[in-house]
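Accompanying notes for the structure given below.
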Amino acid sequence: MDTGLIHIYCGDGKGKTTASIGLAVRCAGRGGRIFFTQFLKERMTGELTVLSALPNVEIRRGKGTGKFTFQMNAEELAAAKVIQEKIFRTITERCREELPDLLVMDEILDACSIGLINERDVIQFLKTKPPGTEVVLTGRNPSQALIESADYVSEVKKIKHPYDRNISARIGIEE
């Protein structure tokens, strides 16, 4: 690829991470090198098992508290911020050094919207990223500035979801 573009997969519906994984698999299938980074997630899922088996895919994730951010107290949020910022710095530095074909930053939009990662740093990276690296950002509530930074913006809208009926995430479907 000569021109790396920027994708945003956002919204309150199921499928944003799944879409980014599909693009990662497509890129790997063509011999591309992928950095797949997850923010705010620590639970092992089936797709990560498959991605980790692909030779050109590197997965990076942070440790969390085992809670959703809305369940965290101020101290836990501060600790989560340190972890998320470190993951962001590490992956963007490596991206500049190693020039992957695709960089996925799953749930970074959420990390920005709740203040765990400075959005200005993300936008600055997008402006100065390696020219051939395609970048995917996923999550909810991207700001207008992030939307304007992107070449693709796709919204996944929830119409109905089993979680609304207290049906938990199921192995092989949601995790």
Side-chain angles (χ1 to χ4, degrees), residues 1-11 13-66 68-69 80 82-113 116-117 119 121-140 142 146 149-156 169-175:
M1 293 187 304
D2 294 334
T3 304
L5 301 178
I6 300 166
H7 306 238
I8 290 179
Y9 304 150
C10 61
K14 178 184 176 327
K16 300 174 293 290
T17 299
T18 306
S20 70
I21 289 166
L23 189 58
V25 168
R26 177 178 288 160
C27 185
R30 294 293 190 169
R33 181 155 185 231
I34 298 95
F35 287 176
F36 190 90
T37 306
Q38 287 191 313
F39 298 88
L40 305 173
K41 290 182 176 178
E42 64 180 337
R43 188 182 272 176
M44 190 58 181
T45 60
E47 65 268 20
L48 293 177
T49 302
V50 171
L51 281 179
S52 65
L54 297 175
N56 294 334
V57 178
E58 180 181 320
I59 299 171
R60 183 172 299 272
R61 308 172 81 211
K63 277 261 196 220
T65 64
F68 291 109
T69 54
V82 170
I83 292 166
Q84 303 314 306
E85 286 177 336
K86 182 179 179 186
I87 295 168
F88 178 74
R89 277 192 317 274
T90 300
I91 199 63
T92 54
E93 288 169 9
R94 292 214 41 236
C95 187
R96 291 183 198 289
E97 293 166 4
E98 299 182 36
L99 309 175
D101 297 293
L102 175 63
L103 169 63
V104 175
M105 293 191 282
D106 187 36
E107 300 296 346
I108 196 165
L109 299 176
D110 294 65
C112 286
S113 70
L116 297 183
I117 294 177
E119 181 181 295
D121 294 341
V122 175
I123 291 170
Q124 182 61 29
F125 170 73
L126 295 175
K127 288 179 181 176
T128 61
K129 71 174 188 58
T133 299
E134 199 88 0
V135 178
V136 176
L137 314 173
T138 75
R140 297 174 183 230
L146 281 167
S149 297
D151 299 292
Y152 300 86
V153 178
S154 299
E155 182 177 19
V156 180
R170 297 162 299 142
I171 293 176
I173 303 300
E174 289 90 14
E175 61 178 55

May I ask you to test the [X]-[Y] pair for a side-chain heavy-atom distance under 4.5 Å?
X: Thr18; Y: Tyr9; result: no
X: Pro142; Y: Leu137; result: no
X: Ile34; Y: Asp101; result: no

**Request:** Please name all residues satisfying side chain to side chain contact (heavy atoms under 4.5 Å, CB included) with Asn56, sequence neighbours left out, ordered by chain then number.
**Result:** none
**Prompt:** side chain to side chain contact (heavy atoms under 4.5 Å, CB included) with Val153: which residues, sequence neighbours excluded?
**Reply:** Ile8, Cys10, Ile147, Ala150
Looking only at heavy atoms, what is the nearest atom pair of [X] and [Y], with distance?
X: Arg96; Y: Pro130; result: CA-CG, 4.0 Å
X: Ile91; Y: Arg60; result: CD1-NE, 4.2 Å
X: Ala80; Y: Leu116; result: CB-CD1, 4.2 Å

**Asked** Parallel, tilted or perpendicular: which describes the rings of Phe88 and Phe39, with under 30° parallel and over 60° perpendicular?
**Response**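 If you compare the ring of Phe88 with that of Phe39, the planes turn out tilted.
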Which donor-acceptor pairs under 3.5 Å do the side chains of residues 20-33 make with protein atoms, sequence neighbours left out?
unit_1: Ser20; atom_1: OG; unit_2: Thr17; atom_2: O; d: 2.7
unit_1: Arg33; atom_1: NH1; unit_2: Glu98; atom_2: OE1; d: 3.2
unit_1: Arg33; atom_1: NH2; unit_2: Glu98; atom_2: OE1; d: 2.8

Tell me if a side-chain donor or acceptor on [X] pairs with a main-chain N or O of [Y] at a distance below 3.5 Å.
X: Glu85; Y: Ile117; value: no
X: Thr133; Y: Leu102; value: no
X: Gln38; Y: Glu107; value: no
X: Lys129; Y: Ile6; value: no
X: Ser113; Y: Asp110; value: yes

**Fill in**
Hits for salt bridge (Lys or Arg N to Asp or Glu O under 4.0 Å) against Glu119, two or more places apart or cross-chain, chain-then-number order -> none
**Message:** Going by the rule salt bridge (Lys or Arg N to Asp or Glu O under 4.0 Å), which residues pair with Glu47 if we only count those two or more places apart in sequence or in a different chain?
**Reply:** none
**Message:** Testing Arg61, Lys16, Lys41 one by one against Asp106 for a side-chain hydrogen bond (donor to acceptor under 3.5 Å, both in side chains), which residue passes?
**Reply:** Lys41
Reported [atom1]-to-[atom2] distance for the pair [X] and [Y], which is rounded to 0.5 angstrom:
X: His7; Y: Leu103; atom1: NE2; atom2: CG; result: 11.0 Å
X: Met105; Y: Leu126; atom1: CE; atom2: CG; result: 5.5 Å
X: Ile59; Y: Leu51; atom1: CD1; atom2: CG; result: 5.0 Å

**Asked** Would Leu109 and Thr138 count as a side chain to side chain contact (heavy atoms under 4.5 Å, CB included) if you check the C-alpha gap in whole Å, the side-chain angles of each, and the deciding distance to 0.1 Å?
**Response** CA-CA 6 Å; Leu109 299 176; Thr138 75; 5.6 Å; no
**Request:** Just jot down the side-chain hydrogen bond (donor to acceptor under 3.5 Å, both in side chains) partners of Thr49, sequence neighbours excluded, or say none.
**Result:**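 By the side-chain hydrogen bond (donor to acceptor under 3.5 Å, both in side chains) rule, Thr49 matches no residue at all.
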